[in-house]
Amino acid sequence: MRIKRRLTSAAFALLLLTACTDRDLETLSQALRDSAAAIGILQTAVIQANAQGLLSDDATRTILTAAVRVNEAGLQATAMTRQLNALGPTDRRNVLAVLQPVIGSIAGAVAAVPLGVEPNVRQNIILSLQAIQAALNSAQLALAGTSGG
Amino acid sequence: MELALSIATIINALAPSIASVLLMVKKTDGTITLIPILDQADARFVDNIRQATDWLNSHPAAASKPKS
């Protein structure tokens with residue numbers, strides 16, 4: 001019982017010290033996981049549309065190539081995040097430097113979806129790309145320290 | 001539950017190497033769930049890369065261009 005009380009007090013003190021940065025770190029982790037899931041959905045949608053003859057090989061290749069870049073940057077970002085228990089200014093800059101270029105590449109991939117593609121397919125692809133962009137934007141906001149932490 | 005949360009918070013603050021696991025302590029309907037967020041993200045990124053490269057390797061650029 002006494003140990004429990006001491007641990008609770010210590011935890012409360014630590015929470016006060018680290019609450020803000022930890023929240024940003026947690027937001028960043030969740031944003032990375034969300035973007036990974038959204039990229040997976042996009043890739044599957046694009047590959048299925050290609051298999052059904054609804055999306056050309058060239059358009060599929062453009063989107064999947066951009067997706068690989070985002071996945072690789074995501075892996076880099078998780079490796080960096082894994083080493084941290086709080087986001088310092090340098091950490092924020094380093095992770096941002098990894099993510100910012102791919103946020104741009106996703107915007108480029110959206111533009112690469114041909115206008116001639118069946119509207120439903122095009123809409124699905126664009127919605128998936130927007131979900132990825134939203135997750136990456138959330139990561140960017142956490143890194144900027146403006147996610148509420 | 002309170003004790004478990006306290007221990008998790010202390011370890012999280014003191015041991016960065018396992019922060020990736022302990023960051024995911026969540027209270028859902030009065031229970032504690034530990035979700036390895038970064039592990040999930042990593043696994044998904046790796047799967048995604050495998051899926052995309054499999055397609056890209058099986059559809060090389062030169063092969064898909066029509067020859068006139």
Side-chain angles (χ1 to χ4, degrees), chain A residues 1 3-15 17-19 22-23 25-26 28-44 46-47 50-51 56-58 60-61 63-79 81-86, chain B:
Chain A
M1 189 66 183
I3 292 173
K4 184 179 168 182
R5 202 170 299 154
R6 280 183 191 165
L7 283 172
T8 307
S9 305
F12 184 67
L14 282 167
L15 269 176
L17 285 171
T18 60
D22 281 356
R23 212 174 304 141
L25 195 53
E26 188 167 354
L28 172 63
S29 305
Q30 286 169 347
L32 289 170
R33 183 190 57 182
D34 292 348
S35 62
I39 298 165
I41 291 168
L42 167 74
Q43 290 185 187
T44 303
V46 163
I47 289 171
N50 175 264
S56 72
D57 281 1
D58 281 348
T60 306
R61 191 175 299 108
I63 293 169
L64 289 181
T65 303
V68 168
R69 276 201 298 272
V70 180
N71 283 309
E72 285 170 347
L75 275 178
Q76 247 184 296
T78 57
T81 307
R82 204 177 278 281
Q83 308 302 317
L84 311 172
N85 67 348
Chain B
M1 184 172 74
E2 209 175 290
L3 178 62
L5 276 174
S6 305
I7 293 169
T9 307
I10 291 168
I11 296 171
N12 187 21
L14 299 178
S17 59
I18 54 172
S20 55
V21 174
L22 293 168
L23 265 175
M24 308 69 184
V25 174
K26 290 198 183 299
K27 280 163 100 175
T28 313
D29 300 330
T31 60
I32 297 172
T33 51
L34 290 171
I35 309 164
I37 297 178
L38 291 176
D39 288 351
Q40 287 179 345
D42 267 350
R44 197 70 201 252
F45 282 132
V46 169
D47 281 351
N48 290 346
I49 290 173
R50 193 177 304 128
Q51 183 193 37
T53 50
D54 279 353
W55 189 93
L56 290 167
N57 289 338
S58 62
H59 296 75
S64 69
K65 284 189 178 163
K67 288 174 186 172
S68 53

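Side chains are part of it too, since the values below use all heavy atoms of this structure and drop only hydrogens, waters and symmetry mates. Order of the sequence lines sets the chain letters (A, B, ...), proteins ahead of strands, with each chain counted from 1.
- For the set A:Thr60, A:Val46, A:Leu42, A:Val68, the count of heavy-atom pairs under 4.5 angstrom toward chain B peaks at A:Thr60.
- Only the side chain of A:Asn50 comes within contact range of chain B, with heavy atoms under 4.5 Å apart.
- Here A:Gly40 is the residue among A:Gly40, A:Ser35, A:Ala77 with the most heavy-atom pairs under 4.5 Å with chain B.
- For A:Ala67, no part lies under 4.5 angstrom from a heavy atom of chain B.
- For A:Thr44, the parts sitting under 4.5 Å from any heavy atom of chain B are the backbone and the side chain alike.
- Here the side chains of A:Arg61 and B:Trp55 are in contact, with some heavy-atom distance below 4.5 Å.
- The salt bridge (charged side-chain N to carboxylate O under 4.0 Å, His left out) test applied to B:Asp42 returns A:Arg82, not counting sequence neighbours.
- Here the side chains of A:Ile47 and A:Leu64 are in contact, with some heavy-atom distance below 4.5 Å.
- Put simply, the side chain of A:Arg69 reaches to within 4.5 Å of the side chain of A:Thr65, judged on heavy atoms.
- Electrostatic pairing of B:Asp47 and B:Arg50 counts as a salt bridge here, judged by a charged N lying under 4.0 Å from a carboxylate O.
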